[in-house]
Protein chains: 2
Amino acid sequence: MTDTDPAAWAALMRVHAALVPVLDQELQAAHNLPLTWYDVLLELYHAPGRRLTLGELGRVAVVSRSRVSRVVDELARAGLVTREANPQDRRSAYAALTEAGKRRFRTAAPTYLRGIEKHFTSRMTAREAATVASALGKVLAAREP
Amino acid sequence: MTDTDPAAWAALMRVHAALVPVLDQELQAAHNLPLTWYDVLLELYHAPGRRLTLGELGRVAVVSRSRVSRVVDELARAGLVTREANPQDRRSAYAALTEAGKRRFRTAAPTYLRGIEKHFTSRMTAREAATVASALGKVLAAREP
DNA sequence: CAAATGTAGGTGCGTGCGCACACACATTCC
DNA sequence: GGAATGTGTGTGCGCACGCACCTACATTTG
């Protein structure tokens, strides 16, 4: 049975390899924002109170938890986030978006979204995009526990 | 218009980040093969004459062309490929699978395919997998020229 | 309360990776 | 044929990244 066709996975690998550098460079050229920074800013932007602990960031963002530490350092040095203490747990530290961080993200987002549209979504039908999102979503859901 | 939904792209990024380390480690644990090596072996295995020039490898494999040089070195040191001269073009060099390389690839392939099935394909219907493959295939096709 | 265990975060270190360049050869143009 | 341009490979270098470990604090257990 199954005799699984790895074509979907192979295509995913290739698309990732092909598009990530392109989107990253577009983002850097237009806004001097590495994709990693954008990812972290995005997660913070959508978080309640515009802030998350580093552990939460590591779980939700694409970058690894150990990397989050350094990225948040860089973002703080650039004035886009601030580190805030957590009164509930003194081990923990929040990364919170600054006003400059929000502005920077809002400015950069259209570039990124246009890039995704141009290089990715526009190559398929809306139905296909929805299927891709839901199928991959199920793959992710299976990894939670 | 469009108001593109980046959900499909976001899911792709996450699935890649989540699965690549897992598949890589499974491959290394079972066969001491890094995913990069496997990728190169795979392309050579399916190439006419079981060999490709380094430039062709760089184009067809997921790894960058500059990386190919070193990976082929490592594979050659491990006895899985040999470098062959190209009489037609003395700049060029072939990487050719050895018998040991073919055996190693054939042995490792089931592990990799089972991993893809287990972590990826089994989470969606066959129809969805086909749609993912074809939609992503169109994205890749758009990047050829 | 003390000890033991668990969890959040930071960091030294090794490494995989791509860029930019260098070199050799091929090809084209005069 | 010789110069100029293009193409195929190799490589020094720097950087981003994750792992393993450490410290600080929290929580649980007796």
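Below, read A as the first sequence line, B as the second, and so on, with proteins coming before strands; counting in each chain starts at 1.
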What residues form a side-chain hydrogen bond (donor to acceptor under 3.5 Å, both in side chains) with A:K102, not counting sequence neighbours? A:E99

Once rounded to the nearest 0.5 Å, what's the spacing between atom OH of A:Y38 and atom OH of A:Y112? 6.5 Å

Using 0.5 Å steps for rounding, measure from the CG atom of B:L19 to the CZ atom of A:R143. 5.0 Å

Side chains of residues 54-70 of chain B: which donor-acceptor partners sit under 3.5 Å, not counting sequence neighbours?
{"from": "B:E56", "atom 1": "OE1", "to": "B:T53", "atom 2": "N", "distance (Å)": "2.9"}
{"from": "B:E56", "atom 1": "OE1", "to": "B:T53", "atom 2": "OG1", "distance (Å)": "3.3"}
{"from": "B:S64", "atom 1": "OG", "to": "B:R67", "atom 2": "N", "distance (Å)": "3.2"}

Partner residues of B:R77 under the side-chain contact (heavy atoms from CB on, under 4.5 Å) criterion, sequence neighbours left out: B:D73, B:E74

Without swapping roles, check the side chain of A:S122 against the backbone of A:E117 for a donor-acceptor pair under 3.5 Å. yes

Check side-chain hydrogen bond (donor to acceptor under 3.5 Å, both in side chains) between B:R91 and all other residues, then give those that pass, not counting sequence neighbours. B:D89

Using a strict threshold of under 4.0 Å (side-chain N to carboxylate O), is an ion pair present between B:E26 and B:R114? no

Compute whether any side-chain donor of one residue and acceptor of the other, for B:T107 and B:H31, lie under 3.5 angstrom apart. no

Proximity to DNA chain D (any heavy atom under 4.0 Å), residues of residues 17-43 of chain B only: none

At a heavy-atom distance below 4.0 Å, what parts of residues 84-94 of chain B sit against DNA chain C? B:D89, B:R90, B:R91

A:R14 bridged to B:E43 by N-O distance under 4.0 Å: yes

Contacts of A:P34 that satisfy side-chain contact (heavy atoms from CB on, under 4.5 Å) - sequence neighbours left out: A:Q28, A:W37

Reading DNA chain D from 5' to 3', where do the contacts with chain A start and stop? Cut-off is 4.0 Å to heavy atoms. D:dA16 to D:dA26

Does B:L35 offer a backbone N or O that forms a donor-acceptor pair with the side chain of B:D24 under 3.5 Å? yes

Mind running a 4.0 Å heavy-atom check of residues 59-75 of chain A against DNA chain D and sending the residues that fall below it, in number order? A:S64, A:S66, A:R67, A:R70

For residues 48-90 of chain B, pull every pair meeting ring-ring contact (aromatic ring centres under 6.0 Å, His included), keeping only residues two or more places apart or in separate chains. none

Using a cut-off of strictly less than 4.0 Å between a heavy atom of the residue and any atom of DNA chain C, enumerate the qualifying residues of residues 47-58 of chain A by number. A:T53, A:L54, A:G55

Residues A:R127, B:E128: salt bridge by 4.0 Å N-O rule: no

Pairing residues for B:A76 by the side-chain contact (heavy atoms from CB on, under 4.5 Å) criterion, not counting sequence neighbours: B:V81

